Amino acid sequence: FMFNKKKTAVLIVAAGSGLRAKSAKPKQYLSIGKKYVLECTLENFINVELVDYIAVVINKNHNTLYTSVSSKFSSKKLLPHCFGGTSRSESVRKGLMSIKKYEIDNVLIHDAARPFTSRELIEKCIKGLDEYDVVLPGVKVADTLWEKSKTLSKPDFVTGLGPDRDNLVRAQTPQAFNYKYILERHKNNKESFSDDVYLAYLDNKKIKIIEGSSKNFKITTPEDIELAKD
């Protein structure tokens, strides 16, 4: 007797043009060793049994680049890609809409440029939804934080001690949600923000922070690609 397992989809947001990495190619299509960044990201999720579907949101100008990655996979989990919008929020909304027909219970929203997410972290995010509304991997802040001046007359001077680092975490992805909830929230949202947990926070949802990993970093600069190769 099989109990009806919840269906879990992963939405990988790969629509960015990767300007901070100063490369002609967007960072999700750069190579780490013999693989593309996005290829490594996809592999991490395809290999987790609790994941039923994976949908990638791409930039409409990246069709050829994306095909060079997706053609390496034959997994039925990988759904047809969809095109993103001008902001991350819009891309996520379009991605969530594109998988509506698959009757999904839970969704993990993940940055394409985080190629080192462990199976353990992915499973923790999915299982956490049995108890909490939202699951967010976070990493402790190791460095002392200082506030700097924003004034043009005195740019980049220390103006005071920053917030207590013990109360802070650096947010990572995947961030896990009830699919219907986050879809509705995105449909009704017009503003832009840097992650999806913000919407749930506005609704006073129970957002559980679980231990992320320093390995699960996001590639944003050329130096990060060098780090990734090590």
Side-chain angles (χ1 to χ4, degrees), residues 11-30 32 37-38 40-41 57 59 84-93 108-118 121 124-125 134-177 182 185-186 189-230:
L11 188 66
I12 293 176
V13 191
S17 41
L19 300 174
R20 274 187 296 175
K22 296 189 190 65
S23 69
K25 256 191 190 178
K27 59 200 173 197
Q28 58 273 31
Y29 300 108
L30 294 172
I32 317 172
V37 170
L38 180 55
C40 297
T41 304
V57 188
N59 187 305
T86 48
S87 68
R88 185 184 184 281
S89 304
E90 195 189 338
S91 295
V92 170
R93 184 172 76 241
L108 271 54
I109 301 174
H110 187 66
D111 305 319
R114 288 186 194 270
F116 303 116
T117 314
S118 69
L121 185 60
K124 265 192 197 157
C125 286
V134 178
V135 183
L136 160 71
V139 177
K140 291 187 181 87
V141 178
D143 312 300
T144 299
L145 298 170
W146 286 93
E147 283 179 3
K148 64 172 188 171
S149 56
K150 287 185 179 148
T151 54
L152 290 172
S153 58
K154 285 187 170 177
D156 297 342
F157 282 89
V158 166
T159 58
L161 192 58
D164 178 2
R165 66 181 178 200
D166 293 339
N167 299 332
L168 299 175
V169 292
R170 292 186 293 126
Q172 296 187 333
T173 68
Q175 296 175 353
F177 303 86
I182 200 70
R185 266 322 245 115
H186 267 287
N189 169 60
K190 292 286 175 279
E191 54 180 322
S192 192
F193 42 85
S194 62
D195 84 354
D196 306 284
V197 164
Y198 179 64
L199 285 174
Y201 169 73
L202 293 177
D203 287 342
N204 294 317
K205 291 287 187 190
K206 279 197 298 189
I207 302 165
K208 173 69 172 170
I209 299 168
I210 62 169
E211 186 85 33
S213 160
S214 56
K215 284 191 183 140
N216 186 30
F217 68 93
K218 188 177 183 181
I219 292 171
T220 51
T221 67
E223 293 80 58
D224 291 338
I225 276 287
E226 292 312 307
L227 268 178
K229 284 178 180 165
D230 292 342

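None of these values were measured; they are calculated from a predicted model.
- Note on Asp111 versus Lys27: no salt bridge recorded, every NZ/NE/NH1/NH2 to OD/OE distance being 4.0 Å or above.
- For the atom pair CG (Asn189) and OH (Tyr198), the distance works out to 9.5 Å, reported to the nearest 0.5 Å.
- A 4.5 Å side-chain heavy-atom check between Thr173 and Val13 finds every atom pair outside the cut-off.
- The minimum heavy-atom distance between Ser192 and Ser89, with the atom names listed, is CA-OG, 3.6 Å.
- The backbone N or O of Asn216 sits less than 3.5 Å from a side-chain atom of Arg114, completing a donor-acceptor pair.
- Summarising the geometry, atom NE2 belonging to His110 is positioned 11.0 Å from atom CG belonging to Leu11; distances are rounded to the nearest 0.5 Å.
- Between Arg88 and Asp195, no side-chain nitrogen of the basic residue sits less than 4.0 Å from a carboxylate oxygen of the acidic one, so the salt-bridge criterion is not met.
- In terms of heavy-atom proximity, Ser91 sits nearest to Ala15 at OG-CB, 3.6 Å.
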* For His186 and Leu199, what are the C-alpha separation, side-chain angles and deciding distance, and is it a side-chain contact (heavy atoms from CB on, under 4.5 Å)? -> CA-CA 8 Å; His186 267 287; Leu199 285 174; 3.9 Å; yes

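- Here the side chains of Ile219 and Ile225 are in contact, with some heavy-atom distance below 4.5 Å.
- Of all the heavy atoms in Ala112 and Leu38, the pair that sits closest is CB-CD1, 3.9 Å.
- Shown here for Ala228 and Ile32, the closest heavy-atom pair between the two residues is O-CG2, 3.3 Å.
- The main-chain N or O of Ser213 is found under 3.5 Å from a side-chain atom of Gln172 such that the two form a donor-acceptor pair.
- Judged by distance alone, the side chain of Asp224 and the main-chain N or O of Thr221 form a donor-acceptor pair under 3.5 Å.
- Summarising the geometry, atom CZ belonging to Arg185 is positioned 11.0 Å from atom CZ belonging to Phe177; distances are rounded to the nearest 0.5 Å.
- For Asn59 (side chain) and Ala14 (main-chain N/O), no donor-acceptor pair under 3.5 Å exists by modelled atom type.
- Note that CG of Asp143 is 7.5 Å distant from CZ of Arg170, once rounded to the nearest 0.5 Å.
- Between Asp196 and Ile182, the closest heavy-atom pair is O-CD1, 4.0 Å.
- Considering every non-hydrogen atom in both Pro137 and Leu121, the closest pair reads CB-CD1, 4.0 Å.
- No side-chain donor-acceptor contact under 3.5 Å links Ser149 to the backbone of Thr159.
- Using a 4.5 Å heavy-atom cutoff, the side chains of Tyr29 and Val37 are not in contact.
- Looking at Gln28, its side chain does come within 3.5 Å of a backbone N or O of Gly16 through a donor-acceptor pair.
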